[in-house]
Amino acid sequence: MHKGYNLGLEWIGFARWIVGARAVGAAERLLQMAIDYAKERETFGKPIAERQAIQWMIADSAVEIEAAKWLVLNAAFTLDQGEDNRHYASIAKLYGSNMGNRVIDRVLQIHGGMGYTRELPIERWYREARLWRIYDGTDEIQRLIISRNLLKGHIKIGQTF
Ligand SMILES: Cc1cc2nc3c(=O)[nH]c(=O)nc-3n(C[C@H](O)[C@H](O)[C@H](O)COP(=O)(O)OP(=O)(O)OC[C@H]3O[C@@H](n4cnc5c(N)ncnc54)[C@H](O)[C@@H]3O)c2cc1C
């Protein structure tokens, strides 16, 4: 009895990597939209996919999605092993949710004005993604948890779990 708050906190701590997983899924889908659009949309005589500025946004997004995916898998794997995964869950949540915001921002940029309209789902994802940095513990709280674990020696640099 009367242990619901502690139970809730515990659950959130172990499971917040799920926000990172959500960000990875959305970012993958949206990046594919940007790739398809970049090959189709022509300006000044050729598809924008042939412009290096666009190619770099695609490449940076792909790299960040891959990194977030591995952080999410690591947090899930650690939990699956019956270990305390909270440090890794915070890392996956912090990086994943910020990655999602950066990728969706680039996807909107690649779509130009169309990306900003409600004809496409990108502007809705742009707003949704902003929430990922707030709920299940804000960016600041994840940083507080991660740095506290290291400063207090609960986790050592280079430690896996
Ligand atoms: C759409 C939506 C859905 C939500 N769903 C749920 C839900 O299902 N369940 C649930 O329990 N909650 C839910 N929340 C609440 C969410 O978890 C809180 O909004 C979040 O934890 C931040 O709390 P707050 O809004 O009171 O901001 P505050 O705690 O007032 O924070 C304001 C700012 O100060 C910073 N800050 C606060 N304390 C510190 C500190 N110690 N050190 C450094 N910076 C600090 C924060 O990071 C933030 O930037 C939801 C919120 C939204 C917007």
Side-chain angles (χ1 to χ4, degrees), residues 1-35 37 57-58 60-161:
M1 284 283 277
H2 306 300
K3 298 215 170 127
Y5 181 68
N6 287 343
L7 191 66
L9 278 187
E10 202 174 298
W11 189 88
I12 286 174
F14 290 127
R16 50 175 47 122
W17 55 270
I18 290 169
V19 179
R22 181 170 174 73
V24 167
E28 282 181 340
R29 172 75 185 91
L30 287 157
L31 181 58
Q32 187 58 56
M33 275 182 68
I35 291 168
Y37 186 78
M57 282 196 272
I58 291 170
D60 287 346
S61 298
V63 170
E64 291 188 42
I65 291 171
E66 196 70 12
K69 192 184 283 186
W70 281 105
L71 292 176
V72 163
L73 287 170
N74 182 54
F77 176 75
T78 309
L79 183 63
D80 221 22
Q81 301 304 300
E83 300 291 335
D84 185 344
N85 78 334
R86 287 175 293 180
H87 185 72
Y88 309 103
S90 280
I91 289 177
K93 199 272 180 183
L94 178 65
Y95 186 82
S97 55
N98 279 270
M99 173 284 296
N101 275 261
R102 288 191 295 271
V103 169
I104 294 172
D105 186 70
R106 291 187 197 114
V107 167
L108 199 153
Q109 193 70 17
I110 290 170
H111 282 79
M114 273 306 292
Y116 190 71
T117 71
R118 288 193 168 163
E119 281 181 53
L120 295 176
I122 304 166
E123 61 84 29
R124 188 187 70 75
W125 278 105
Y126 194 76
R127 281 184 286 119
E128 156 113 17
R130 197 59 188 80
L131 173 64
W132 300 334
R133 295 180 51 204
I134 295 171
Y135 76 166
D136 260 15
T138 61
D139 282 0
E140 292 73 23
I141 296 303
Q142 306 312 324
R143 289 192 173 98
L144 186 151
I145 292 167
I146 295 162
S147 62
R148 188 177 55 197
N149 285 339
L150 293 166
L151 290 166
K152 290 201 167 181
H154 301 316
I155 300 282
K156 304 220 175 332
I157 289 290
Q159 179 182 330
T160 44
F161 64 79

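All ligand and atom numbering here is 1-based and tracks the order in the structure. Since we're looking at a predicted model, the values are computed, not measured.
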side-chain contact (heavy atoms from CB on, under 4.5 Å), that's the test. Do Y37 and L120 meet it? Break it down for me. CA-CA 12 Å; Y37 186 78; L120 295 176; 5.5 Å; no

Who's the nearest protein heavy-atom neighbour of atom 50 (C) of ligand 1, and how far? Y135 CB, 4.0 Å

Matching residue for L94 among M99, R16, E140, R143 - test: side-chain contact (heavy atoms from CB on, under 4.5 Å): R143

Evaluation steps, side-chain contact (heavy atoms from CB on, under 4.5 Å), between N101 and R130: CA-CA 7 Å; N101 275 261; R130 197 59 188 80; 3.6 Å; yes

Are any non-hydrogen protein atoms located under 4.0 Å from atom 2 (C) of ligand 1? yes

Any side-chain heavy-atom pair from R106 and L31 closer than 4.5 angstrom? no

Given that the side chain starts at C-beta and the backbone is N, CA, C, O, which of these parts of L131 lies under 4.0 Å from ligand 1, counting heavy atoms, or is it both or neither? side chain

What distance do I12 atom CD1 and L7 atom CG have between them, rounded to the nearest 0.5 Å? 10.5 Å

Closer than 4.0 Å: a protein non-hydrogen atom to atom 36 (N) of ligand 1: no

Answer yes if a protein heavy atom lies under 4.0 Å from atom 13 (C) of ligand 1, otherwise answer no. no

What protein heavy atom lies closest to atom 22 (C) of ligand 1? Include the residue and the distance to one decimal. T138 CG2, 3.8 Å

The protein heavy atom nearest to atom 40 (C) of ligand 1 is I141 CD1, 4.0 Å

Please check atom 46 (C) of ligand 1 for a protein heavy-atom neighbour under 4.0 Å. yes

Would you say atom 33 (C) of ligand 1 has a protein heavy atom nearer than 4.0 Å? no

Working to the nearest 0.5 Å, report the span between CD1 of I65 and CZ of R102. 11.0 Å

Check the pair V63, E66 against side-chain contact (heavy atoms from CB on, under 4.5 Å), reporting the backbone distance first and the verdict last. CA-CA 5 Å; V63 170; E66 196 70 12; 5.8 Å; no

Less than 4.0 Å from atom 25 (O) of ligand 1, is there any heavy atom belonging to the protein? no

Tell me the protein heavy atom at minimum distance from atom 21 (O) of ligand 1, and give that distance in Å. I134 O, 4.0 Å

Shortest heavy-atom approach to atom 43 (C) of ligand 1 - which of R127, E140, R130: E140

Below 4.5 Å, heavy atoms only, C-beta onward: do Y88 and L71 meet side chain to side chain? no

Does the protein put any heavy atom within less than 4.0 Å of atom 9 (N) of ligand 1? no

Test side chain to side chain donor-acceptor pair (under 3.5 Å) applied to N98 and Q142, K93, R133, the passing residue: R133

When distances are taken from atom 41 (N) of ligand 1, the protein heavy atom at minimum range is L144 CD1, 4.0 Å

Is atom 28 (P) of ligand 1 near the protein, in the sense that some protein heavy atom lies at less than 4.0 Å from it? no

I110 and M33: CA distance, side-chain angles, deciding distance, side-chain contact (heavy atoms from CB on, under 4.5 Å) verdict: CA-CA 10 Å; I110 290 170; M33 275 182 68; over 6 Å; no

